[in-house]
Amino acid sequence: MNQEVFTRKRDYLLLLPSLLPLLLLFVYPLLKGFVMTFQEPGSTAVTLSNYIEFFTNAKYYDTIWRTLYLVVPAAILELFLAFGITYFIRGKMKGGGLIAGLTIFPLTLGSIIIDMAVIAFFKPTGWFNTTMINIGILDEPFTLVYNYWGAFIALIILGVAFIASNLVGMMDSIDPNLEKAARTLGASHWVTFKRVFWPLIRSNVLTVFALNLIMQIGVYSTAVIVGNPASETRTFVVVAFEEAMRNFNYNMANTVAIVMGVTQLLVLAIVFAIRKRGFVGSASTFK
Amino acid sequence: MAQALKSKSFVSESTKVEINDLTKMFGSTTAVQNASLTIESGEFMTLLGPSGCGKTTILSMILGILQPTSGDIIFNGQPINQIDMSRRDIGMVFQNYALFPHMTVAQNIAFGLDMRKINKAEKKKRVNEAIDMVQLTDLGNRFIKDLSGGQQQRVALARAIVIRPRVLLLDEPLSNLDAKLRKEMRTQLKKLHNELGITTIYVTHDQEEALSLSTKVTVMSNGVIQQIGTPKEIFGRPRNYFVANFIGYGNFLEGTLVDVQDEHFIFETDKDLVRLAVKQDEKHQVGDEVILTIKPEMVEIITDAKIGMNSLQGNITVSDYIGSATGYEVETAGGRTFKINVLGLNPYALGEEVKLYLDPEKLLIIDKE
Amino acid sequence: MRAEKPIIEEETETPVVKGKHQKPLRNSKKGKLLQGGYKTSSWVLILLFLTIVLGMTLAVILSAFGEEWYGTIFPEGYTVEWFVNAWQAYEVGEYFKITMEIVLTATVISLVLSLPTVYILARRDFPFKQALLGFFQMPFTLPDLLYAIPVASIFYSIGLAETMTGLIVVNLIVGIPFSVFILLPYVESLDPRLEYAAQSLGASKFKLFQRVIIPQIVPGITASAINIFIRMFNTFTIILLISGPKTQTLNVMVFSVLQGSGSQPPAMLNSLALTLMIPLLFFSFLSLWVSSFTQKRLGK
Ligand SMILES: Nc1ncnc2c1ncn2[C@@H]1O[C@H](COP(=O)(O)OP(=O)(O)OP(=O)(O)O)[C@@H](O)[C@H]1O
Ligand SMILES: [Mg+2]
């Protein structure tokens, strides 16, 4: 029916204004970047030396382990916290909106400000340590910034916000009558959760978990500002930026980026393999 | 059906439900106000009322989803307000069925039995019986999304009765079905109730359903119970204007009973002094201010010329053909409008002058509020 | 679990009139205990988490406006001196201006370049439409590092790096596809009959765009523009890679300062963080407002 308005092939030229810039600025660099990983700086000969260097030099291959060691435990904890909070406030709980809003709030501030906030709050003279010392839990300040823990906390704050922001809507889309039905049939709260609520939301939760994990594998400013980018929080992106901005070795930088991308893909594949083994579908009944 | 009846495995022990002075407030709005009801064991009680009048709220309180603001719910003499909803032994069919989408039909039905830790053999037997009873015999392994609306409704019913509930609650279970299926399911429901004898509370705003299914009907409006009675009582003797209007009485005349003549009251309208005879009843006497009402299908259009008692002259102003009958509005000389239903296709023309006859035996006196 | 359901305090001892063979109903004690435990621990967890979130934010603000704050609960006095100092020392105003220039220009260009595409996507069905939509999704689903590094290397070799043009151009990589997706629902909700009408009256295609389509989607464009703007304001990775000392956006500048922050007093750094927080908060409220407004328009 729309053909009445535009019948000529020429009209597809209207796609060009958006496609051309993307081809130039996105597709070409992407391909070039991939080719670059098989070249040495300043040469066009094809070589595997970047990858060999990456996987034989501890300076590089350590980043895989260091990134995952920081990000995977954080992501799992984030999932538990965010799920716990959003599950508790789901439905029409009074004050639920406020709690959800405050939980998601860090997302609007972004990583740089959260990093500063973690420093201000958890530094040795910050509120956290002074309170702990005052109530007698700690004897002396615990170093929670400029190391693994600083980055870990900042990741947690942002990750919980991200996961919660997604879970709130997903939980609302599960018909509350399903839980009520289970309860009236004699199920306890726990059994209702285990046999009705969780199977229905499981696939969505795993998807959000995977997205969040992938995002956090690319952690950079947090690792630099509140972490210790020289050792404990030397993540993929830290090394990639070091290669690009300090050594101007874009070939190596992109090799790091590619390894990171592959790691993300693997994570995604694992989570989705788990996800497939259960109910995947909609949990909202018609109203 | 017959086998199911013989096996007796669904016949639950009977429960009498009493509701005492039940009130539910949401903030400052009152959803249910001082409702009192008794449902004898084995009875089929219908809650009838317009949308938003508090029917679901009453069910929710019986079910335990909502806590009453005040008042008691009593099962066989035991107040159950403090009993957790998972312990009340109530079978519920939700308005949207609330079937578990990740389970098969059989798993859905078995859910309540799993919670009661029934052993495997017994569970299987009871699930199969329930599936047979609602005529879904070969569909036990289907998932819910692969069922039609009517089939889903039957799964919901089977899931609710397989646990042998003390009370069965149904919240507009037929409202999502088409007219034909609705009728069919209605007869099935009725049969089922006759076989099982479970105390049943049924919510609907469809008066036809209420009439055909129930042994007792409760009419509600704005959270207040208006009348409780058998279907016959409700439809034959509505107690007030709201009930009469809701169940289809269409024409209302305000006035006073001024006289008695051979076992008939003489009624006179307040403004234009129209006089009508109406059958005498015990509740009213001369001098009462009352409302007279008559159903549109009870008003007759007569042809003989003389104008006597209870007949009025008027012109047809609206005509609306609705299949088996035609609805008219007739305006009388005094400016009153009467609603009339006449069988058949459009026998009278717009603007035609007709005579109406209001049979004294069919006119009904109801109290002014 | 819901607020309306009061916690049941104790096993109720009520006189029980037994029905025929019926056991009286009873609550499960274990269930109640578990439920109580679950609720308490959830509340503890939520309050702890929110205390940290709010405490962190407050700590930044107090530190930015505190005179001297070392080991005490609250600063000894309050001053705007740090804030003013930070603003001047780091030329926040200047970088703010640069950022606005870059982002505004890039927003306008993204909208202009994506509109024709959006129109075709909304009105026509063609074989590779799904594939095309998938392609437009790639720039914001792939990790930005994957294209940012080669773009930086290319820009440095052709001299576009560290220039305003370069910074504007790299914003289009996300800006164009983002505006495609954000505009699409608006154009899809337009009534195509208006266009037939216009064309049957002899409007040329350009006129059609200008006189019929554009006026109808102005509200949608405005809302989209605000969202695209916010999205670009937060662009980080690629800007960091190609920015020069005088050509960088506010967040990249703040990051660079914080990265090598050894010698600066914390109050100064927190003031700087605050200068970034204010526009971000402003924009997120703006976007909330816009999305509630547009949802009404699209009837969702
Ligand atoms: N959770 C709630 N909060 C506030 N008001 C409510 C709530 N639930 C119901 N109400 C109000 O209480 C009144 C009764 O609602 P209820 O759901 O019982 O109506 P109903 O008779 O079942 O109507 P319907 O036939 O449409 O299902 C309505 O006015 C409704 O708006
Ligand atoms: Mg209802």
Side-chain angles (χ1 to χ4, degrees), chain A residues 2 4-6 11-12 14-15 17-19 21-22 25-26 29-30 32-33 36 81 84-85 88 91-94 99 102-103 105-106 108-110 112-113 115-118 120-121 125-127 130 157 160 188-190 218 220-221 224-225 237 240 244-245 250 253-254 257-258 260-261 264, chain C residues 1-3 28 31 34-35 42 45-46 49-50 52-57 59-60 63 70-71 73 113-114 116-117 119-120 123-124 139 143 145-147 149-154 169-170 172-173 176-177 180 192 195-196 199 234 241 251 254-255 258-259 266 269-270 273 276-277 280-281 284:
Chain A
N2 298 332
E4 289 166 29
V5 179
F6 286 119
D11 298 327
Y12 289 114
L14 288 176
L15 292 173
S18 69
L19 280 181
L22 281 186
L25 291 167
F26 178 68
L30 212 56
K32 183 176 155 93
M36 269 163 61
L81 287 172
I85 294 172
F88 188 73
K92 289 186 198 135
M93 189 182 127
K94 264 181 222 138
I99 293 175
L102 287 176
T103 308
F105 167 67
T108 55
L109 296 184
I112 294 174
I113 294 168
D115 299 337
M116 284 310 288
V118 168
F121 191 77
T125 57
W127 275 337
T130 37
I157 301 286
V160 167
S188 63
H189 289 283
W190 166 241
Y220 177 60
S221 55
V224 172
I225 296 176
V237 189
M245 308 223 300
Y250 290 105
N254 223 37
I258 293 272
M260 180 183 88
Q264 290 170 321
Chain C
M1 215 152 287
R2 265 147 235 200
S28 131
L34 283 177
Q35 189 58 15
S42 292
L45 186 140
I46 288 175
F49 188 79
L50 293 187
I52 291 177
V53 168
L54 289 177
M56 282 172 29
T57 318
V60 171
S63 160
Y70 196 84
I73 299 289
L113 292 183
S114 61
T117 302
Y119 179 74
I120 292 284
R123 286 283 180 265
R124 305 282 300 257
L145 203 59
L146 282 181
Y147 60 83
I149 290 172
V151 165
S153 108
I154 295 168
V169 167
V170 293
L172 301 181
I173 301 175
I176 291 175
V180 165
E195 293 157 35
Y196 304 151
Q199 205 161 52
N234 288 314
L241 277 168
N251 57 357
V254 172
F255 172 78
L258 297 180
Q259 186 183 15
L269 298 175
N270 283 315
L276 192 54
M277 192 194 290
L280 282 176
L281 281 181
S284 51

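To find a chain, count down the sequence lines: A is the first, B the second, and so on, and within it residues start at 1.
In terms of heavy-atom pairs under 4.5 Å with chain A, the best-connected choice from C/A152, C/A273, C/P139 is C/P139. Contact count against chain A (heavy-atom pairs under 4.5 Å) is highest for C/I173 among C/I173, C/I176, C/L54, C/L172. For the set C/G31, C/S42, C/S284, the count of heavy-atom pairs under 4.5 angstrom toward chain A peaks at C/S42. Counting heavy-atom pairs closer than 4.5 Å to chain A, the top residue among C/S63, C/G55, C/S114 is C/G55. Residue with the most contacts toward chain A among C/V180, C/V151, C/L241: C/L241 (heavy-atom pairs, distance under 4.5 Å). Between chain A and the residues C/V254, C/N251, C/V60, the largest count of heavy-atom pairs under 4.5 Å involves C/V60. Highest contact tally toward chain C, considering only A/I258, A/I99, A/L81, A/T130, is held by A/I99 [criterion: heavy-atom pairs under 4.5 Å].
Counting only heavy atoms from C-beta outward, the side chains of A/T103 and C/V53 never approach each other to under 4.5 Å. In this structure the side chain of A/T108 never reaches within 4.5 angstrom of the side chain of C/L280, judged on heavy atoms. In this structure, C/M56 and A/V118 have side chains that are in contact, with non-hydrogen atoms separated by less than 4.5 Å. Using a 4.5 Å cut-off on side-chain heavy atoms (C-beta onward), A/V224 and C/L258 make no contact. In this structure, A/L22 and C/P177 have side chains that are in contact, with non-hydrogen atoms separated by less than 4.5 Å. Contact of the A/W190 side chain with the C/L34 side chain is not registered, since no non-hydrogen atoms from C-beta on lie closer than 4.5 Å. At a threshold of 4.5 Å between non-hydrogen side-chain atoms, the residues A/K32 and C/S153 count as touching. You'll find the side chain of C/P150 stays beyond 4.5 Å of the side chain of A/L30, heavy atoms only.
Neither the backbone nor the side chain of C/N234 comes within less than 4.5 Å of any heavy atom in chain A. For a residue to count as touching a neighbouring chain, one of its non-hydrogen atoms must lie under 4.5 Å from one of that chain's; by this rule A/Y220 touches chain C with the side chain only. Both the backbone and the side chain of C/L276 have a heavy atom closer than 4.5 Å to some heavy atom of chain A. Only the side chain of C/L50 comes within less than 4.5 Å of a heavy atom in chain A; its backbone stays farther off. If you measure heavy-atom distances from A/A253 to chain C, the contacts under 4.5 Å come from both the backbone and the side chain. For A/I225, the part lying under 4.5 angstrom from a heavy atom of chain C is the side chain only. The contact between A/M116 and chain C is made by backbone and side chain atoms together, counting heavy-atom distances below 4.5 Å. Of the atoms belonging to C/L146, heavy atoms from both backbone and side chain fall under 4.5 Å from chain A. Of the two parts of C/V170, neither the backbone nor the side chain holds a non-hydrogen atom closer than 4.5 Å to a non-hydrogen atom of chain A.
For C/F49, there are no ring pair (Phe, Tyr, Trp, His ring centres under 6.0 Å) partners two or more places apart in sequence or in a different chain. Among residues two or more places apart in sequence or in another chain, the ring pair (Phe, Tyr, Trp, His ring centres under 6.0 Å) test is passed with A/F105 by none.
Atom CD of residue C/Q259 and atom CD1 of residue A/I112 lie 10.0 Å apart, to the nearest 0.5 angstrom. Expressed to the nearest 0.5 Å, how far CZ of C/R124 lies from CG of A/L15 amounts to 10.0 Å.
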Output, in order, the C-alpha distance, side-chain angles, deciding distance and verdict of side chain to side chain contact (heavy atoms under 4.5 Å, CB included) for A/L14 and C/T117. CA-CA 6 Å; A/L14 288 176; C/T117 302; over 6 Å; no
Walk me through whether C/L45 and A/I85 qualify under side chain to side chain contact (heavy atoms under 4.5 Å, CB included). CA-CA 8 Å; C/L45 186 140; A/I85 294 172; 3.6 Å; yes
